[in-house]
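Keep in mind that this is a model prediction, so the values were computed, not measured.
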Amino acid sequence: MKKVYDRQIILEDGSHYSGYGFGDIKDKILEIVFNTSLVGYQEILSDPSYTNQAVVMTYPLIGNYGMAGDDYETPVPTIGALVVHDYNPEPSNFRSEASLGEVMVKYGIAGISGVDTRKLNRSIRDYGSRKALITDIGTSLEEGLARLRGAQLPTDAVSRVSCRETWFSPAEAGTEPSFHVVLIDCGMKHNILRSLNRRGCNVTVVPWNTSAQEIMALDPDGVLISNGPGDPTDVPETIETVRALHGFCPIFGICLGHQILSLSYGATTYKLKFGHRGGNHPVRDIRTGKIEITSQNHSYAVDRKSLPATPLSETHVNILDDTIEGVECQKDRAFSVQYHPESSPGPQDSAYLFDRFLVLMAASGEAGTEEE
């Protein structure tokens, strides 16, 4: 018996795609984007940066290795939906503890399979990210478009995915604790935390709206601003906190943290046509000429034209579209990158940036000792 389409995607330009529902089956209006990673759908599903988004996977087969308890990037995934060509509900993997669909039901994540993802991804590439309605196959195009026209995507994603209270994560067992890092949680991937812990860092994780005074009171050796969802200008409180921390201690920003750091110095940001999402983005280190293959997930970028009016200098550039991928303020021992050095999923070419952060903290500590 032939399977019958029961779900559909309606885009605000009037195009629509039919498929089969899996995961949660509630109607949702989301921003539709694509990801070019070949593996790592669990890490993508559990990355808080995908809050309010429907992610279309360019790789066709999804779900075949299931979901493993140790591979989540956040305990409670907040992605809006996952769109795939071929969903496998019966994974084969000794580490698997549940199927992808079961996890999506648990966390209210919509899924649709059987979609012509090549055509859909070309549409996103050509016309950009836009609002999409995931709904029952019986919803008429006229009704779907009316619902899309009347919908506004939320702007409070960071406050919803950040931790509510300050908490502590000790350095990994077997390492000698060397630094205390305060991590501003804007929707962090947990591999950022693990990357610090395994390098001997004790980490205090604080909510997105923690004040600079509260952070200073924790006496950190360094501050890290995490990744997270949405437009960086939606979190002026975090921008102001980072601005007040300039020069206090070394600062490292990742993804949304990169944009927040740049805004705190007076730079501006803009929205990309379809963003960067995947594990195959080439980035050049301007100082060394070395090419890194990076993992990325963001919709916004720092405007190069705004840098001359700031103390920031450009450190990394995207080879594909010439966008800024890294900045630094040497005087304040602050730097940031647009991509994900913790990967997960993706290549690990950029893990050295955590070591660079440790070097800055060590040098800062030595300078403080000399001043005393």
Side-chain angles (χ1 to χ4, degrees), residues 47-49 51 73-74 157-159 161-163 166-167 169 179-197 199 201 203-216 218 220-269 295-302 310-312 315-316 324-329 332-342 350 353-354 356-358 360-361 364:
D47 182 347
S49 295
T51 303
E73 285 301 310
T74 188
V158 168
S159 66
V161 299
S162 176
C163 61
T166 297
W167 60 284
S169 179
F179 300 107
H180 174 217
V181 175
V182 168
L183 196 162
I184 302 175
D185 179 11
C186 296
M188 72 167 180
K189 291 171 63 182
H190 276 231
N191 206 41
I192 294 175
L193 187 60
R194 292 189 289 266
S195 296
L196 292 169
N197 289 156
R199 285 172 170 81
C201 294
V203 181
T204 300
V205 183
V206 300
W208 67 283
N209 57 351
T210 303
S211 70
Q213 291 71 26
E214 292 172 296
I215 291 174
M216 291 175 184
L218 294 170
D221 298 302
V223 171
L224 191 149
I225 319 158
S226 84
N227 65 295
D231 184 341
T233 61
D234 289 336
V235 286
E237 300 94 331
T238 314
I239 296 168
E240 184 53 42
T241 288
V242 175
R243 182 180 292 118
L245 290 172
H246 291 172
F248 174 70
C249 65
I251 302 175
F252 180 17
I254 293 175
C255 199
L256 182 69
H258 158 75
Q259 298 158 17
I260 289 171
L261 180 72
S262 299
L263 288 166
S264 76
Y265 278 103
T268 58
T269 55
S295 175
Q296 303 209 10
N297 173 17
H298 61 101
S299 295
Y300 292 81
V302 174
T310 76
L312 297 173
T315 60
H316 296 76
I324 291 177
E325 292 283 358
V327 297
E328 71 174 351
C329 178
D332 290 341
R333 302 157 294 164
F335 74 106
S336 62
V337 290
Q338 183 62 81
Y339 48 96
H340 286 267
E342 83 288 348
S350 309
L353 290 165
F354 289 102
R356 179 178 294 178
F357 185 39
L358 266 63
L360 280 177
M361 290 191 288
S364 179

> From E342 CD over to E73 CD, what is the distance, rounded to the nearest 0.5 angstrom?
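Those atoms lie 7.0 Å apart.
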> Quick one about R194 and N197 (side-chain donor to acceptor, distance below 3.5 Å, no hydrogens or angles considered), yes or no?
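On atom types as modelled, these side chains do not qualify, holding no pair under 3.5 Å.
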> Can you tell me how far the NE2 atom of H316 sits from the CG atom of L353, to the nearest 0.5 Å?
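It comes to 5.5 Å.
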> Is C201 close to H180 at the side-chain level, that is, under 4.5 Å between some pair of heavy atoms?
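Contact flag for H180/C201 side chains = no.
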> Would you check, one step at a time, whether the test side chain to side chain contact (heavy atoms under 4.5 Å, CB included) holds for R243 with L263?
CA-CA 9 Å; R243 182 180 292 118; L263 288 166; 6.0 Å; no
> Which heavy atom of V302 sits nearest a heavy atom of A267, and at what distance?
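Looking at all heavy atoms of both residues, the shortest contact is CG1-CB, 4.2 Å.
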> State, to 0.1 Å, how close P207 and S162 come at their nearest heavy-atom pair, and which atoms those are.
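Taking P207 first and S162 second, the nearest heavy atoms are CA-OG, 3.5 Å.
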> Go through the side-chain N and O atoms of N297 and D47 and say whether any donor and acceptor fall under 3.5 Å apart.
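Indeed, the side chains of N297 and D47 share at least one donor-acceptor pair under 3.5 Å.
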> Short question: side chain of S364, backbone of C249 - any donor-acceptor pair under 3.5 Å?
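Flag not set: sc S364 to bb C249 has no pair under 3.5 Å.
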> Mind checking the OG1-CG spacing from T74 to N191? Nearest 0.5 Å is all I need.
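With rounding to 0.5 Å, OG1 (T74) is 13.0 Å from CG (N191).
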> Which class fits the ring pair F335 and F252: parallel under 30°, tilted 30 to 60°, perpendicular over 60°?
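Aromatic pair F335/F252 classed parallel.
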> Using side-chain heavy atoms (C-beta onward) and a distance below 4.5 Å, is L256 in contact with V158?
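Heavy-atom side-chain distance check passes, below 4.5 Å.
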> If you round to the nearest 0.5 Å, how far is CG of L183 from CD1 of I254?
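The distance works out to 8.0 Å.
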> What verdict does the side chain to side chain contact (heavy atoms under 4.5 Å, CB included) test give for T310 and V327, after you've listed the backbone C-alpha separation in whole Å, the side-chain angles of each residue and the deciding distance to 0.1 Å?
CA-CA 11 Å; T310 76; V327 297; over 6 Å; no
> Test C186 against V235 for side chain to side chain contact (heavy atoms under 4.5 Å, CB included), laying out the working first.
CA-CA 9 Å; C186 296; V235 286; 5.8 Å; no
> Under 30°, 30 to 60°, or over 60°: which ring-plane class applies to H190 and W167, parallel, tilted or perpendicular?
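H190 vs W167 ring planes: parallel.
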> State, to 0.1 Å, how close D185 and C163 come at their nearest heavy-atom pair, and which atoms those are.
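Shortest heavy-atom contact: OD2-N, 2.9 Å.
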> Any side-chain heavy atom of D332 sitting closer than 4.5 Å to one from Y265?
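They are in side-chain contact.
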> Where is the tightest heavy-atom contact between M216 and A244, given as atom of each residue plus distance?
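Nearest heavy atoms, M216 then A244: CE-O, 3.5 Å.
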> Nearest 0.5 Å, please: how far is CG in D234 from CD1 in I239?
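Here the rounded value is 9.0 Å.
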> So which heavy atom on Y300 is nearest to which on P232, and how close?
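Looks like CG-CD, 3.9 Å.
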> Does any part of the side chain of T233, heavy atoms only, come nearer than 4.5 Å to the side chain of T269, both counted from C-beta?
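Result yes, sub-4.5 Å side-chain heavy-atom pair found.
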> Any side-chain heavy atom of V182 within less than 4.5 Å of one from T210?
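Side chain of V182 against side chain of T210, heavy atoms only: no contact under 4.5 Å found.
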> Do I215 and P220 touch side chain to side chain, with heavy atoms closer than 4.5 Å?
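Yes, their side chains come closer than 4.5 Å.
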> How about S49 and H298: does a side-chain donor come under 3.5 Å of a side-chain acceptor?
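Judged by distance alone, the side chains do not pair up.
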> So does G326 get a backbone contact from the side chain of T315, meaning a donor-acceptor N/O pair under 3.5 Å?
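Judged by distance alone, yes, a pair lies under 3.5 Å.
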> Apply side chain to side chain contact (heavy atoms under 4.5 Å, CB included) to N227 and M188, showing your working.
CA-CA 5 Å; N227 65 295; M188 72 167 180; 4.1 Å; yes
> Using 0.5 Å steps for rounding, measure from the OG atom of S264 to the CD1 atom of I225.
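Taking OG in S264 and CD1 in I225, the distance rounds to 6.5 Å.
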> How close do E237 and W208 get, counting heavy atoms only, and between which atoms?
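Answer, listing the atom of E237 first, then W208: OE1-CZ3, 3.2 Å.
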